[in-house]
Amino acid sequence: MPVLDAAKVVAALRGAFAREESRGELLQIAADKIRAAGPPYTSVYLYMLHGEQLILEAFAGRETDHTSIPVGVGVCGTAVASGRDQNVPDVRAVENYLACNAWTRSELVVLIRRGVTILGQIDIDSDLPDPFTAEEESAVKQVADALAVLL
Ligand code: SME
């Protein structure tokens with residue numbers, strides 16, 4: 001079983017949508033609920049695509065200086081440029097990694113897609129090395145897919 005209970009997070013998002021909560025609230029709920037799963041989820045960032053920039057619209061966990069990331073830059077920008085989710089077991093091995101702090105060991109970026117359009121991404125930092133199994137990744141993807149419909 002993955003650490004993240006995706007069904008629980010998706011249910012919370014659907015509830016917020018039904019209460020007509022704002023886009024910002026939905027993104028914040030996603031960040032808070034994913035982080036609440038605990039380790040390996042250390043910090044969760046919701047970057048949304050505005051033209052050629054990823055803009056940080058919600059986060060839970062450690063603050064970051066990277067509130068705006070150009071497409072193609074870092075792990076986050078590479079996900080958008082390549083159209084592929086990024087599962088980085090050891091951030092120290094990645095040349096174009098944008099470091100936010102000294103403790104992060106691994107990172108998972110899952111794109112939020114509506115059809116062929118990339119809306120943004122869920123970016124997760126972990127203090128643990130190589131923690132994101134295929135099951136874990138698919139749990140995060142369920143949340144991303146729910147956001148794509150509800151935002
Ligand atoms: N590490 C990311 C930058 C975002 S922070 O982790 C919040 C990257 O390399 O794109």
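Ligands are counted one by one from 1 in listed order, and the atoms in each one are counted from 1 as well.
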Report task. Please name all residues satisfying salt bridge (charged side-chain N to carboxylate O under 4.0 Å, His left out) with Lys33, sequence neighbours left out, ordered by chain then number. Result ->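 Applying salt bridge (charged side-chain N to carboxylate O under 4.0 Å, His left out) to Lys33 gives none.
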
Report task. Among residues two or more places apart or on two chains, list those pairs meeting salt bridge (Lys or Arg N to Asp or Glu O under 4.0 Å) that have a residue in residues 90-118. Result ->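 Passing the test, one end in residues 90-118: Asp90-Arg92.
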
**Report entry** Residue pairs, two or more places apart or on separate chains, that pass salt bridge (Lys or Arg N to Asp or Glu O under 4.0 Å) and touch residues 50-68
**Finding:**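 Found Arg23-Glu57, Arg62-Asp127.
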
Query - Greater than 12 external heavy atoms within 6.0 Å of Tyr97's OH - result: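 Atom OH in Tyr97 is packed in, count exceeds 12.
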
Give a table of atom pairs where an N or O of ligand 1 lies under 3.5 Å from a protein N or O.
| unit_1 | atom_1 | unit_2 | atom_2 | d |
| --- | --- | --- | --- | --- |
| ligand 1 | 1 (N) | Leu98 | O | 2.8 |
| ligand 1 | 1 (N) | Glu107 | OE1 | 2.9 |
| ligand 1 | 1 (N) | Glu107 | OE2 | 3.3 |
| ligand 1 | 6 (O) | Asp125 | OD1 | 3.4 |
| ligand 1 | 6 (O) | Asp125 | OD2 | 3.3 |
| ligand 1 | 9 (O) | Val75 | N | 3.0 |
| ligand 1 | 9 (O) | Leu98 | N | 2.9 |
| ligand 1 | 10 (O) | Val75 | N | 2.9 |
| ligand 1 | 10 (O) | Cys76 | N | 2.8 |

Query raised in the report: Parallel, tilted or perpendicular: which fits the ring planes of Phe132 and Tyr41, with parallel below 30° and perpendicular above 60°?
Result: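 Perpendicular, since the angle between the ring planes exceeds 60°.
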
Query raised in the report: In terms of side-chain heavy atoms, does Tyr47 have a donor or acceptor partner in Gln53 at a distance below 3.5 Å?
Result: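 Not at all, the side chains of Tyr47 and Gln53 share no donor-acceptor pair under 3.5 Å.
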
